[in-house]
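Scroll down for the structure; my scribbles are underneath it.
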Amino acid sequence: DAISVPSAAIHGAAQLWRMLQQDLEGRALTGPPLVLLLDQFDQASPGCELIVERLFAMAESMAAPVCIIAAARQDQGVNPAARLAEFSELQIELGPWSPTECSEYIQETLRNAGAKRDVFTAPALFRVWVQSRGIPARVARLCDFALLAAMDHEFSLVDCDVVDAAATELGIAVPGTGDIQPLMRRA
């Protein structure tokens, strides 16, 4: 059960808030919980935390079941969702993967997608870990981009050069990790 509203049908935050309130009122009576996924919450606009707090308070006053999953990166000891922690019943901190975990994830994902042979060279698997800093979302995004680049340039394997170029294109390259050259110049 989902709330699905075309963006053209919403004329401002007040109307969206009324729609959420009506949905919560219905859920308070029928019981299926409202699950909100707030991905990249650390990049939310200022004041978003207050809106989520208000949503919690409204749901609590109506006895409506609500589950909010907020994913946020914690950089330099700053937790962007710290104010929401008091409402939380469960907090899970995911640290970066080790090189082995990163490599296993990539290889297992490729096998599940139907790969019958190695797609990344062994050094490229390690380079993905270096360039992504082991952050799971970056690993997945970097691999996707590297695979697309290799396919576009008809490379049979993803090597360190492809990973470095993909990381550069994504703006996440770690300086000093190799001779980074644009893919278009690669023979």
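In this structure, Leu125 CG and Asp118 CG are separated by 7.5 Å, a value rounded to the nearest 0.5 Å. The distance from the CD atom of Gln21 to the CD atom of Glu25 is 5.0 Å, given to the nearest 0.5 Å. The SG atom of Cys160 sits 9.0 Å away from atom CD of Gln131, with the distance rounded to the nearest 0.5 Å. Note that the CD1 atom of Ile135 and the CH2 atom of Trp129 stand 11.5 Å from one another [nearest 0.5 Å]. For the atom pair Trp97 CH2 and Ser103 OG, the distance stands at 11.0 Å (nearest 0.5 Å). For the atom pair Cys102 SG and Arg127 CZ, the distance stands at 13.0 Å (nearest 0.5 Å).
Smallest separation of non-hydrogen atoms from Ala146 and Val158: CB-CG1, 4.0 Å. Across Ser132 and Leu142, no two heavy atoms sit closer than the pair N-CD2, 4.2 Å. Across all their heavy atoms, Pro136 and Gly95 have their closest contact at CD-O, 4.4 Å. Across every non-hydrogen atom of Thr121 and Asp159, the tightest pair is OG1-CA, 3.8 Å. The two residues Arg133 and Ile172 make their nearest non-hydrogen contact at NH1-O, 2.8 Å. The two atoms that bring Phe120 and Leu157 nearest to each other are N-CD2, 4.5 Å, heavy atoms only.
Within the 3.5 Å criterion, the main-chain N or O of Tyr105 finds a donor-acceptor partner in the side chain of Thr109.
Classified by interplanar angle (parallel below 30°, tilted 30° to 60°, perpendicular above 60°), the ring pair Phe155/His153 is parallel.
In this structure, Glu101 places its CD atom where more than 12 heavy-atom neighbours from other residues, nucleotides or ligands lie under 6.0 Å away.
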